[in-house]
Amino acid sequence: MRPELHRKLAQSWLLIIALLVAALFWLLPRSQINSSVLALLPQQQTADVPQAFSDGFTQRLDRQLMWLVSPPPGAGVKPADDWLRQLQTLPELSQVAGPMDEQRQQEWGAFFYKHRNALLDDATRQRLKSGADAQSQWILGQIYSAFAGVSGKELTHDPLLLVRASQMAQQQNSAGMTLDQGWLMARDKNGRNWYLLHGELKASSYDITSVKQTVAALSAAKDAFEARWPGAKVLERGTIFYSNYASQQAEHDLSTIGIASVIGVFALILLMFRSVLPLLLSLLSIAIGALSGTVFTLWVFGEIHVMTLVLSTSIVGISADYTLYFLTERRVHGEVNSPLESLKKLFPALSVALLTTVAAYLMLLIAPFPGLQQLAVFAAAGLSAACITVMCWYPYLSKRLPVGPTPGLAIIMRWLLAWRSRQAVRFGLPLLILVLVVAGISQLKINDDIADLQSLPADLRQQEQQIAALTGQTNDQKWLVVYGDNAEQTLQRLEALRPKLVRAKEKGVIDGFRALNLPSQAQQQRDLSLLRQRAPQIIAQLQQAGVTVAIPDLTAQTVDVSLWINSVVSEGWRLLWLTLPDGHSATLIPVNGVHDSAAMAALAISTPGTGWIDRKTEFSSLFSQYRVYLTYLLALAVAVIAAIYLWRFRLPHGLICLVPTLLSLGMGVAALGFSGHNLNLFSLLALILVLGIGINYTLFFTNPRGTPTTSMFAIFMAVVTTLLTFGMLVFSSTQAISSFGIVLSAGILTAFLLSPLTLPVKKRGRKK
């Protein structure tokens, strides 16, 4: 390349960098930095539930919080009242509720009394359908029961005891919890009382910043409460606690690992080059790579996620590879070759290495994770900019680089000589690795269960188990959604579904469910007709039994959804109803103790306007689909690389060049088997990077213009810097990140060890 042309390219690249800086300042005010963990998850496409309902219910439920407070023995409900007041003072919470005071209890009773003819419970409805005898006998049983406490006033105003029946049905839905001074209370096996409180977050439970502040405020409030009431206990449940734990673990792991990686890379550069110039040039290429990655990510997505910025530290080692390869060449041959001659010598290897690595990262775009898609764009743009910077500027900026022999030259020469002259190394090492690959893969297990990707702390698991035992409500995140064009259609579909749910419970498919007990307008009309038909006979039978009762008021007392939602009786149930601005409505049915998710999905399909949501199973299924997809994609990529090798190097050398690639992929997978980790989607995502990065080492040695010793030193620096970045992920406490690091470390190390296999065999009798 002529110096004049290269100088123009360098000046053009400077202009492009200036444009990137201007673009960054233009994009930043128009973009956002996303801190929501939810944005990192795949977009759930629930085919049988409209997305608006799925998203609406999910976001609403994820904001919910629940507490169970157990006062010290003999303290009564005062500690629960104190905890309620504390929660109500926290600005991060809204709609914090605890006991139902006397006024609300009276409002509750008044509402049911006013609309008793419209709000029949299932048990009363079934008795009336069976005939007048069933209802009259039940009424007589209540009147003459020593524990029922039916007063003459109650019998006068509600001779059919419809309000009492509704109250009893509500108690049956409370999962064994009872009222104590207005509080919903459960008693554990040790005799301790637990009082229920619930509230709602003002911000999303996945907003990292607000989550951290809210959890800290709740933790401080809990410590202060337990200090004021020694012996009191508080159990808590909410998505926010799991979200906070996950984000804190990831942030701690990745920030610690990122800092250690950067320090390690820079220390290695200073140690090997004995000059601060390579460090400054590495920083320059990394900074330009970060600039380019940020601009392109903001341009494509309109935002950049906090975790993308953290994960982008992983490209530090790779972007430094291009700098180190060029600087190594200049250090060794700087006295013989000019900077442009060095660039011309390295250009084929650098360009092919860049293309393969960028292609590997861009393959991450098919992953269903927005965070990984952003990382793919960030890395592709960033690595390209870093490599172009090396090609355009570093022939000028490296003129003052100290020239001298490669550090560890004797060791490198002996290692390369062994590869070229000793069959024990040339054939033995690949065979040994092949044996390890077969042994490791034989122990490998495939597991796409999302629950295994993140282990929860023992205290959260224990609290979850205690709350489930006390309230009968699990946190399985498995729901049925019934929807319709309007509220009436939704309620009618719910009524058609309810008997099927009862049968599913009887068959042991599920342990239980919670569904709104608000009848549709059509059902209310049928109930009123049934009451008018049976009431005369019931009253006659009661009078024959010697009970004096008046003729009941059987006028229409219709209740619609808006009236119900705005009343006190919907407290605790409003969460399960959603109406869109266009009038479309839906109700959520939480299901617990699901023993057959497929059966529930089939049940939903059999009922119009019903969908089954099982978030854990859906995510696991999604992971499984993409794992299979990525497996085929990796196989295709290897086939393409094999074709390129055969086209460029012919037989048999093309096949020999393919061996390090195949064994590095196999060793990455085998390492999972040896370490006890499972193969999943994240493992294959790591293999994509092993493929893209590992073949760089082979390509450096296949460069006909390069020098084996220079290539070996450059590859050594590259693999150490890559291991310092990716390899540190092995120490992450998050299993998904740890397995990612294991695959990368084992695969890239194998690619490094086998890269000299592409060197030609040293012929006997010839001098070196």
Side-chain angles (χ1 to χ4, degrees), residues 105-174 487-488 491-503 505-506 515-561 563-564 567 569-570 573:
Q105 292 181 44
Q106 290 175 355
E107 291 175 0
W108 192 93
F111 186 90
F112 266 104
Y113 175 73
K114 184 177 180 180
H115 303 284
R116 61 192 181 279
N117 296 337
L119 299 176
L120 294 191
D121 60 282
D122 285 336
T124 299
R125 188 177 296 115
Q126 292 303 318
R127 288 194 297 267
L128 291 172
K129 287 181 179 179
S130 300
D133 288 346
Q135 181 67 12
S136 60
Q137 289 300 315
W138 180 81
I139 295 172
L140 289 171
Q142 293 295 310
I143 292 173
Y144 293 114
S145 170
F147 304 101
V150 178
S151 65
K153 183 178 179 181
E154 179 183 357
L155 201 57
T156 300
H157 290 92
D158 185 15
L160 299 181
L161 297 187
L162 299 180
V163 176
R164 174 177 287 266
S166 297
Q167 291 176 332
M168 294 175 67
Q170 290 283 333
Q171 290 176 357
Q172 290 176 355
N173 286 331
S174 64
E488 177 64 12
L491 291 174
Q492 290 184 19
R493 288 175 170 176
L494 173 60
E495 289 161 355
L497 177 65
R498 194 186 299 269
K500 298 180 181 180
L501 286 173
V502 173
R503 287 195 293 273
K505 182 179 178 181
E506 292 171 350
L516 293 184
N517 198 23
L518 176 62
S520 65
Q521 297 293 305
Q523 183 63 54
Q524 291 179 39
Q525 289 298 322
R526 291 193 295 269
D527 289 344
L528 184 61
S529 298
L530 186 59
L531 280 170
R532 288 172 176 172
Q533 179 184 351
R534 301 297 190 202
Q537 302 172 43
I538 295 171
I539 296 301
Q541 290 174 1
L542 291 176
Q543 290 174 344
Q544 288 176 5
V547 178
T548 303
V549 289
I551 302 299
D553 178 6
L554 296 179
T555 56
Q557 302 166 346
T558 306
V559 178
D560 59 19
V561 171
L563 179 63
W564 177 80
S567 71
V569 300
S570 64
W573 293 94

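Count residues from 1 along the sequence. Nothing here was measured: the structure is a model prediction, and the numbers come from that model.
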- Message: With a 6.0 Å cut-off (strictly less than), is the heavy-atom count around NZ of K505, excluding the residue itself, greater than 12?
- Response: no

Can you sort out the partners of [X] under salt bridge (charged side-chain N to carboxylate O under 4.0 Å, His left out), two or more places apart, ordered by chain and number?
| X | answer |
| --- | --- |
| R534 | none |
| D527 | R125 |
| E488 | none |

Distance, nearest 0.5 Å, that separates [atom1] of [X] from [atom2] of [Y]:
| X | Y | atom1 | atom2 | answer |
| --- | --- | --- | --- | --- |
| Q557 | Y113 | CD | OH | 8.5 Å |
| L518 | L494 | CG | CG | 9.0 Å |
| Q524 | L120 | CD | CG | 9.0 Å |
| D121 | Q126 | CG | CD | 10.0 Å |
| Q135 | L530 | CD | CG | 9.5 Å |
| L554 | L160 | CG | CG | 6.5 Å |

Got [X] and [Y] here, is their nearest side-chain heavy-atom distance under 4.5 Å?
| X | Y | answer |
| --- | --- | --- |
| V163 | H157 | no |
| Q523 | L491 | no |
| E154 | Q142 | no |
| N517 | W573 | no |
| L119 | V569 | no |

- Query: Just checking, any donor-acceptor pair under 3.5 angstrom between side chains of Q167 and R164?
  - Reply: no

N/O donor to acceptor pairs below 3.5 angstrom from side-chain atoms of residues 545-552, sequence neighbours left out:
none

- Apply side chain to side chain contact (heavy atoms under 4.5 Å, CB included) to L161 and W138, showing your working. CA-CA 9 Å; L161 297 187; W138 180 81; 3.7 Å; yes

- Only residue of E495, R493, Q492 satisfying side chain to side chain donor-acceptor pair (under 3.5 Å) with S520 is E495

- Task: State whether the side chain of Q533 and the backbone N or O of L528 hold a donor-acceptor pair below 3.5 Å, judged by distance alone.
- Result: no

- Query: So S529 and R526, side chain to side chain donor-acceptor pair (under 3.5 Å) or not? Walk me through it.
  - Reply: CA-CA 5 Å; S529 298; R526 291 193 295 269; over 6 Å; no

- Query: Taking only residues two or more places apart in sequence or in another chain, which ones pass side-chain contact (heavy atoms from CB on, under 4.5 Å) with Q106?
  - Reply: E102

- Message: If I compare all heavy atoms of T558 with all of Q521, which pair ends up nearest, and what's the gap?
- Response: CG2-OE1, 2.7 Å

In a table with atom names and distances, give each donor-acceptor pair under 3.5 Å that connects a side chain of residues 537-544 to protein atoms at least two apart or in another chain.
from: Q541; atom 1: OE1; to: S136; atom 2: OG; distance (Å): 2.5
from: Q541; atom 1: NE2; to: D133; atom 2: OD1; distance (Å): 2.5

